Chemist: 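There's a structure below that I have some questions on.
What you are looking at is a predicted structure, and each value in this text was computed from that prediction instead of being measured.
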Amino acid sequence: AMTNLMVAPTGSLALGAGVVLKFASSAAIQVDGELRALGPVILTSFYDDLYGGDTNGDGNATAAAPMQWAGMRILSTARGALDGALIRCTGAAFWSALELSSPSFALHRTRIELTGFDGFAIGAAAAAEDLVAYRCGRSGFVLSGGNVAVQRSTSAANGNAGFLRTSGAGSRVASSIASWNGGGGFV
């Protein structure tokens, strides 16, 4: 299992198809440099036997659950793309599964599930398309940026809103679905 993974401002990380990264309790990913992840790529908990097998060798004694590792933060200076990722079991330390605040970073075909906090927290993005937030403890999407466009995305079975725009956010949601969210669909 990995502890914290940091990509420095001058650093670069490429994740190819089939990569499974498992994170220890409260671990996090922070990207301040370049990340290119072209999936399928799985980011999950050390306890998740569904992907990558029984890494901790305890049989059925532990299982995938929300809040087993923190999540991923893509800072304002980051660049690159996350395409075809599955992010599971996040929310430790009250982190969103994926927090994105870079206008030079794109999200495509990425799914977040089984998180104890918010799914996607987007303040800025080059693109945010074909995303899924499922079974997040709070909102599936929190949009706080002035010019974020989320397209063709689904938010379902989350504890709070499907798509939550914070006050003053000029973000747009188009051709998307919100269903079975505890706090409403589009708020």
Side-chain angles (χ1 to χ4, degrees), residues 2 4-23 27-45 48 50-52 64 68-91 95-115 117-136 139-158 162-163 171-178:
M2 296 186 73
N4 293 330
L5 173 62
M6 307 290 180
V7 180
T10 58
S12 179
L13 176 63
L15 302 174
V19 169
V20 176
L21 295 180
K22 291 189 170 190
F23 294 89
I29 301 171
Q30 183 168 301
V31 180
D32 206 5
E34 181 176 18
L35 172 64
R36 299 264 176 217
L38 304 175
V41 171
I42 312 293
L43 307 173
T44 191
S45 161
D48 188 350
L50 187 59
Y51 297 97
Q68 290 179 332
W69 68 287
M72 174 182 249
R73 283 191 177 149
I74 300 170
L75 303 178
S76 62
T77 56
R79 59 209 176 278
L82 189 60
D83 189 344
L86 172 62
I87 303 171
R88 294 170 42 95
C89 306
T90 61
W95 275 41
S96 296
L98 190 148
E99 183 179 310
L100 173 58
S101 57
S102 173
S104 300
F105 198 93
L107 293 175
H108 302 282
R109 294 174 290 278
T110 294
R111 178 182 172 106
I112 291 174
E113 64 186 28
L114 204 59
T115 184
F117 207 63
D118 296 319
F120 296 92
I122 304 173
E129 303 169 334
D130 306 305
L131 309 175
V132 175
Y134 177 68
R135 291 183 58 197
C136 300
S139 295
F141 291 80
V142 177
L143 307 173
S144 60
N147 196 22
V148 175
V150 175
Q151 299 181 62
R152 298 179 309 278
S153 296
T154 301
S155 189
N158 299 301
F163 294 87
S171 302
R172 300 173 314 282
V173 178
S175 303
S176 296
I177 298 169

Chemist: Sequence neighbours left out, what passes side-chain hydrogen bond (donor to acceptor under 3.5 Å, both in side chains) with Thr110? Give chain and number order.
Modeler: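 With sequence neighbours excluded, Thr110 shows a side-chain hydrogen bond (donor to acceptor under 3.5 Å, both in side chains) to no residue whatsoever.
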Chemist: Restricting to non-hydrogen atoms, name the atom on Gly91 and the atom on Thr115 that form the minimum distance, rounded to 0.1 Å.
Modeler: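 Heavy atoms only, the tightest pair is N-OG1, 3.7 Å.
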Chemist: Which heavy atom in Asp48 sits nearest to a heavy atom in Cys89, and how many Å separate them?
Modeler: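 Heavy atoms of Asp48 and Cys89 come nearest at OD2-SG, 4.1 Å.
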Chemist: Mind checking the CD1-CG spacing from Ile29 to Leu5? Nearest 0.5 Å is all I need.
Modeler: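 Interatomic distance, Ile29 CD1 to Leu5 CG, rounded to 0.5 Å: 5.5 Å.
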Chemist: Would you be so kind as to tabulate the donor-acceptor pairs closer than 3.5 Å made by side chains of residues 120-131, with sequence neighbours excluded?
Modeler:
| unit_1 | atom_1 | unit_2 | atom_2 | d |
| --- | --- | --- | --- | --- |
| Glu129 | OE1 | His108 | ND1 | 3.2 |
| Asp130 | OD1 | Arg152 | NE | 3.0 |
| Asp130 | OD2 | Arg152 | NH2 | 3.3 |

Chemist: Do you know which two heavy atoms are closest between Tyr51 and Lys22, and how far apart they sit?
Modeler: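 Heavy atoms of Tyr51 and Lys22 come nearest at O-CE, 2.7 Å.
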Chemist: Working to the nearest 0.5 angstrom, can you tell me the gap between Gln151 CD and Arg172 CZ?
Modeler: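 Nearest 0.5 Å value for the CD-CZ distance: 8.0 Å.
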Chemist: Working to the nearest 0.5 angstrom, can you tell me the gap between Thr44 OG1 and Trp69 CH2?
Modeler: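 Between Thr44 OG1 and Trp69 CH2, I get 8.0 Å after rounding to 0.5 Å.
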Chemist: Out of curiosity, Arg36 CZ to Leu15 CG, how far, rounded to the nearest 0.5 Å?
Modeler: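 Those atoms lie 12.0 Å apart.
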Chemist: My understanding is that only residues two or more places apart in sequence, or in another chain, count here; which of them pass ring pair (Phe, Tyr, Trp, His ring centres under 6.0 Å) with Phe105?
Modeler: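 Partners of Phe105 by the ring pair (Phe, Tyr, Trp, His ring centres under 6.0 Å) criterion come out as none, since no residue qualifies.
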Chemist: Who passes salt bridge (Lys or Arg N to Asp or Glu O under 4.0 Å) against Arg73, sequence neighbours left out?
Modeler: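 For Arg73 the salt bridge (Lys or Arg N to Asp or Glu O under 4.0 Å) partners, ignoring immediate neighbours, are Glu99.
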Chemist: Quick one: pull up CE in Met72 and OG in Ser96 and give me the separation to the nearest 0.5 Å.
Modeler: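 If I round to the nearest 0.5 Å, the distance is 13.0 Å.
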Chemist: Side-chain polar contacts of residues 75-86 - donor-acceptor pairs under 3.5 angstrom, sequence neighbours left out - could you list them?
Modeler:
| unit_1 | atom_1 | unit_2 | atom_2 | d |
| --- | --- | --- | --- | --- |
| Thr77 | OG1 | Asp32 | O | 3.1 |
| Thr77 | OG1 | Asp32 | OD1 | 2.3 |
| Asp83 | OD1 | Arg109 | NE | 3.0 |
| Asp83 | OD1 | Arg109 | NH2 | 3.0 |
| Asp83 | OD2 | Arg109 | NH2 | 2.6 |

Chemist: Which atoms form the tightest heavy-atom contact between Phe117 and Trp95, and what is the distance?
Modeler: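 Smallest heavy-atom distance, with atoms named: CB-O, 3.2 Å.
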Chemist: Holding to side-chain contact (heavy atoms from CB on, under 4.5 Å), I want the full list of residues that pass it with Ala8, two or more places apart in sequence or in another chain.
Modeler: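 Ala8 satisfies side-chain contact (heavy atoms from CB on, under 4.5 Å) with no residue once adjacent residues are dropped.
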Chemist: Is it the case that atom CG in Leu50 sees more than 12 heavy atoms from other parts of the structure closer than 6.0 Å?
Modeler: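 Result for CG/Leu50: enclosed.
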Chemist: Provide the closest heavy-atom pair for Ser12 versus Val7 in the form atom of the first, atom of the second, distance.
Modeler: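 Heavy atoms of Ser12 and Val7 come nearest at N-CG1, 4.0 Å.
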Chemist: I need the Asp118 CG to Ile112 CD1 distance, nearest 0.5 Å.
Modeler: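 Rounded to the nearest 0.5 Å, the CG-CD1 separation comes out at 9.5 Å.
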Chemist: Tell me, please, which residues at least two apart from Phe163 pass side-chain contact (heavy atoms from CB on, under 4.5 Å).
Modeler: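 Per chain and number, Phe163 pairs via side-chain contact (heavy atoms from CB on, under 4.5 Å) with Phe141, Val150, Ser153, Ser155, Val173, Ser176, Ala178, Phe186.
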